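First up is the structure itself, then whatever we jot down about it.
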Amino acid sequence: MKKALLIIGIVFVVLWSIIPIYWALNISLMYHFEVYSVPAHLFPEHPTLYNYLRSLGFSVFNPFTNRVDPPVGYPIREALINSFVVASMVSLITIAIATPAGYALGRYRTRHSGLLTALLLGSRTLPPVSILIPLYIIGLRYRLLGTTHGITVMHLALVLPLTTWILMGFFSTFPSEIEKAARVDGATRLQAIVRVVIPTALPAIVSAGLLSFLFSYNEYLFSWVFTSGTPAQTIQPTLASMWFMIGEINIMAAATILSLIVPVVISLYFQKYIIQVRLVDPYALAFE
Amino acid sequence: MVEVRLEHVTKIFGKTIAVNDLNLVVRDKEFFVLLGPSGCGKSTTLNIIAGLEKPTSGRVYFDDEDVTFLPPEERNIAMVFQSYALYPTMTAYDNIAFPLKIRRLLRDEIHKRVKEVAEMLHIEHLLDKKPHQMSGGERQRVALARAIVRQPRLFLMDEPLSNIDAKLRITARTELIRLQRKLGVTTIYVTHDQTEAFTMGHRIGVMFNGCLLQVGDPLEIFERPHNTVVAGFVGIPPMNFIEGHIAYDERLGKYYFKWNEIILEVGGDITEKIGGHGKTVIAGIRPQNLQVIKSESYSKIGIAFKAKVYTVERLGTESVITVDIDGELLRAVTPSELTLSPDEDVVVKIVNPQKVIFFNKNTGDLIT
């Protein structure tokens, strides 16, 4: 009985969150005339990649109007590429900065580490909007508006404190004896970090990188303020403004589904990694 | 291989003094055990010798070389940790080979040495496994192999046997002793387990609250502990302390220690140091030096007194009897054949009065 209720609950929650995505997928595979059929079609009667190809900048023959339709006059493909580039740069730079920072904060206690960690966490308790205007002014002054590297910098400002915090937590539970063993075995401090600590911490580091990738890819507000209407426009503001710019709901659905591919693939991979993190958890290893 | 000398080593963490003015010489090829309860500073001392911690003051010498500020990687030492600290991402082979790889030895030489050590410790079958696929005992062996593979001049061991189960620990203990004697490498071994300390060490150093209280061979520590702290820590069950006073018998011209019915003759030189008649001293009697006899089979030979059985703890081959003498509880070890029940009246006999030792009541130091 209890199990049955649980299953009903799970089914409800899954349907609740999956139906909008299913509907977008459904519409994205239809020609324009079919979208508004009454009663609505649960499956496309003439499934086609017409919308996808037009979104990505190809001319497509439409058998129902007997015409070749031009690509949508809106930079969806460019926005997808922009988002991917920005998110990749954000995650790589995050790994490069947050790993040593998290290691230092997690491993060593100095006079100021309490203040530093408080600042790190404190910066995440502020609503992001509160730093939007100052960052906009900075962006204006240093010509960062409407550029790919500009939005990368802004995303880094948002994501770095959090990833540093996560990695700090990881490194503070990392058994220091492993590092000590490497030192005694003849490794210098740097060798011990490069050859023992980082390989052991790799799952956590990759997780932090993927997390920041997803954050940057999905981020809307800053992307909109800093890039909309420029060649650097990323996918989120593009999707949001399509309503006014295109008005063809089937094309919008196709663009939405296209934008989901990267985060879905990464999430699936990420999930696998989370399990791995648990498996090679050095703390559990050292003390079980 | 090397003689380790610590001179006035002190380590302070914030407000706590972890190691307090420690002086110690560990002889070449010796198996030296640092024994003490947890938190007494023994691991910190080991870390200072390894170079993982810098002493707040004092010096560390390997032979005549001052290594106080030498980083650990340049000391040519090996260490085995309580958690083994194997590298989780590497196989056993790579773990053992790590110290050699970091020294850029040739691949063939590394292979030869790893195989040799693996054979010596019977772990050839584990070489392809990762740490999480091994049992505790197997990990311990791999950690040991990693320590000996590069022929260091000094072994440091931080409770390496405390994480494996009791049965395995006994075999591991004998193997470790055999290995140390065979390799002849100076070894400093930290433990809180006195059985380990007494069975393994050539000499033992007893630490308490950051201070090294006594250094000596096992028998010396057991029979002539420098003070009541060492005496109380060493020995299972712990030593009995009774507070009595010195009395002078004018008729015989001798000094006696008196407490209740117990009257022990005390040498004149000891009495002189305490200050003579009427002074209070603490007598230390090992439970092994007390014999419990049933009242009816008692014949009046030697020094004996009446007591009441308080508790009986059976340990298999022997029993620990706690007896009550006027509210004072003393422990005695007896063969387990003797069946006693609580509240039974018995006679307790001091087997060897010469082995009773006396401590200064104020300082707790041994009076010799």
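Residue numbering restarts at 1 for every chain, and letters A, B, ... go by the order of the sequence lines. Bear in mind the structure is a predicted one, so any value in this text is a computation, not a measurement. When reading the values below, keep in mind they use all heavy atoms of this one structure, side chains included, and skip hydrogens, waters and symmetry mates.
Residue contact with chain A, scored on non-hydrogen atoms closer than 4.5 Å, involves the side chain of B:Asn47 exclusively. Of the atoms belonging to A:Ala192, not a single heavy atom falls under 4.5 Å from chain B. Heavy atoms closer than 4.5 Å to chain A are found in the backbone of B:Leu86, but not in its side chain. For B:Ile77, the parts lying near chain A are the backbone and the side chain together; criterion is any non-hydrogen pair under 4.5 Å. Interface remark: B:Arg75 contributes no atoms to any contact with chain A (heavy atom separation under 4.5 Å).
Residues A:Ala181 and B:Arg146 share a closest heavy-atom pair of CB-NH2, 3.5 Å. Minimum interatomic distance between A:Asp185 and B:Ile102 (heavy atoms only, all atoms of both residues): O-CG2, 3.6 Å. Here the closest non-hydrogen pair linking A:Val196 and B:Tyr87 is CG1-CD2, 3.5 Å.
Contact of the B:Phe98 side chain with the A:Arg195 side chain is registered, since non-hydrogen atoms from C-beta on lie closer than 4.5 Å. Within the 4.5 Å cutoff, side-chain heavy atoms of A:Ile178 are placed close to those of B:Pro88.
Atom CD1 of B:Ile12 has more than 12 neighbouring heavy atoms from other residues, nucleotides or ligands inside a 6.0 Å radius. Around CG of B:Asp28, the count of heavy atoms belonging to other residues, nucleotides or ligands within 6.0 Å exceeds 12. Atom CZ of A:Phe84 is surrounded by 12 or fewer heavy atoms from other residues, nucleotides or ligands within 6.0 Å. Other residues, nucleotides and ligands contribute at most 12 non-hydrogen atoms within 6.0 Å of the CZ atom of A:Arg189. Residue-environment remark: CG (B:Asp64) stays at or below the threshold of 12 foreign heavy atoms within 6.0 Å.
The candidate with the highest count of non-hydrogen atom pairs below 4.5 Å against chain B, out of A:Gln191, A:Arg183, A:Glu179, is A:Arg183.
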